[in-house]
Amino acid sequence: QVQLVESGGGSVEAGGSLRLSCEASTYTYSTNCMGWFRQAPGKEREGVATISTGGGSTYYADSVKGRFTISQDNAKKTVYLQMNSLKPEDTAMYYCAAGSYYSCGYPPSHDGMKYWGKGTLVTISS
């Protein structure tokens, strides 16, 4: 069983930045792909970014490409999401997820993600 704990959410104005963190309780074959997903009120959950924790390959949704960066610190079993140039439409609950290697790809998809965190709220004001 893998537990994921997110942190770093908050409220900022449009144009600002936030960094989300996701710490995994352990790394296994079920965490070979880790990523960030978000769900805004009344909308479906969408993939934001994923990273292959073994090779470091990254994948982004078109809506965040060039603004968000996913990275990892394997020693800390932590994945980060640096979010810059934030827009009001980025407002959502952000979830960290982990799955097997095959869960990573373009576009980021929740298919195959086995473990999920409880989420951290990001609110962007205009």
Side-chain angles (χ1 to χ4, degrees):
Q1 190 77 4
V2 177
Q3 295 179 333
L4 304 173
V5 179
E6 305 101 331
S7 62
S11 298
V12 298
E13 293 185 349
S17 299
L18 283 172
R19 188 176 83 153
L20 306 183
S21 299
C22 171
E23 182 175 359
S25 58
T26 185
Y27 267 7
T28 73
Y29 68 90
S30 293
T31 57
N32 284 345
C33 178
M34 292 185 67
W36 291 94
F37 298 79
R38 67 186 181 187
Q39 187 166 19
K43 295 188 177 181
E44 293 186 356
R45 187 173 297 188
E46 64 170 339
V48 176
T50 54
I51 185 167
S52 170
T53 56
S57 297
T58 58
Y59 307 88
Y60 296 94
D62 290 346
S63 59
V64 306
K65 201 170 293 182
R67 300 189 298 124
F68 291 10
T69 302
I70 189 170
S71 62
Q72 61 180 342
D73 184 333
N74 284 346
K76 296 182 178 179
K77 297 189 292 293
T78 299
V79 171
Y80 304 96
L81 184 69
Q82 178 67 43
M83 306 186 294
N84 299 328
S85 302
L86 284 161
K87 304 176 181 180
E89 51 263 43
D90 294 317
T91 295
M93 185 71 79
Y94 283 70
Y95 299 90
C96 178
S100 69
Y101 170 81
Y102 300 101
S103 301
C104 271
Y106 173 82
S109 171
H110 61 269
D111 291 345
M113 290 297 182
K114 185 175 182 179
Y115 299 104
W116 291 84
K118 294 183 178 180
T120 185
L121 183 62
V122 171
T123 304
I124 312 302
S125 58
S126 58

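The two atoms that bring S103 and G112 nearest to each other are OG-O, 3.1 Å, heavy atoms only. Minimum interatomic distance between F37 and G47 (heavy atoms only, all atoms of both residues): CD2-CA, 3.3 Å. The two atoms that bring A14 and P88 nearest to each other are CB-CD, 4.0 Å, heavy atoms only. Closest approach of Y59 and P108 over heavy atoms only: O-CG, 3.7 Å. Heavy-atom minimum distance, R67 versus S85: NH1-O, 2.9 Å.
Follow the hydrophobic side-chain contacts under 4.5 Å out from L18 and you reach Y94 in the same cluster. Hydrophobic cluster membership is shared by I51 and Y27, with clusters built from Ile, Leu, Val, Met, Phe, Trp and Tyr side chains linked at under 4.5 angstrom. Hydrophobic cluster membership is shared by L20 and Y115, with clusters built from Ile, Leu, Val, Met, Phe, Trp and Tyr side chains linked at under 4.5 angstrom. Both I70 and F68 belong to a single network of hydrophobic side chains, linked directly or stepwise wherever heavy atoms of I, L, V, M, F, W or Y lie under 4.5 Å apart.
Salt bridge K65/D62: present, at least one basic N to carboxylate O contact under 4.0 Å.
Contact check for Y95 versus R45: side-chain heavy atoms found under the 4.5 Å cut-off. The shortest side-chain heavy-atom distance between M113 and T50 falls under the 4.5 Å cut-off. Side-chain contact between V2 and K114: absent, with no pair of heavy atoms (C-beta onward) separated by less than 4.5 Å.
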| request: For salt bridge (charged side-chain N to carboxylate O under 4.0 Å, His left out), just list the numbers for R38 and E46, CA-CA rounded to whole Å, side-chain angles, deciding distance to a tenth of an Å, and then say yes or no. | output: CA-CA 5 Å; R38 67 186 181 187; E46 64 170 339; 2.6 Å; yes

| request: For the pair K77 and T31, evaluate side chain to side chain contact (heavy atoms under 4.5 Å, CB included) and give the outcome as yes or no after the intermediate values. | output: CA-CA 10 Å; K77 297 189 292 293; T31 57; over 6 Å; no

| request: Mind running side chain to side chain contact (heavy atoms under 4.5 Å, CB included) on V48 and M83 for me, showing each step along the way? | output: CA-CA 11 Å; V48 176; M83 306 186 294; over 6 Å; no

| said: Go through it in stages, so that I can follow the logic: the residues are Y60 and T69, the test is side chain to side chain contact (heavy atoms under 4.5 Å, CB included), and I'd like the CA-CA distance, side-chain angles, deciding distance and then a yes or no. | reply: CA-CA 8 Å; Y60 296 94; T69 302; 3.8 Å; yes

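Here D111 pairs with S109 under the side chain to side chain contact (heavy atoms under 4.5 Å, CB included) rule; sequence neighbours left out.
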Review item, side-chain donor-acceptor pairs of residues 116-126, under 3.5 Å, at least two apart:
| residue | atom | partner | partner atom | Å |
| --- | --- | --- | --- | --- |
| T120 | OG1 | G9 | N | 3.1 |

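Using a distance-only test at 3.5 Å, with no hydrogens or angles considered, no donor-acceptor pair links the side chain of S30 to the main chain of S100. Between the side chain of N74 and the backbone N or O of T53, at least one donor-acceptor pair lies under 3.5 Å. Listed for the E6 side chain is a donor-acceptor partner under 3.5 Å among the backbone atoms of C96.
Counted within 6.0 Å of CD on Q39, heavy atoms from surrounding residues, nucleotides or ligands total more than 12; the atom is thus considered enclosed. Heavy atoms of other residues, nucleotides or ligands lying less than 6.0 angstrom from OH of Y101 number 12 at most.
A side-chain donor-acceptor contact under 3.5 Å links N84 and S17.
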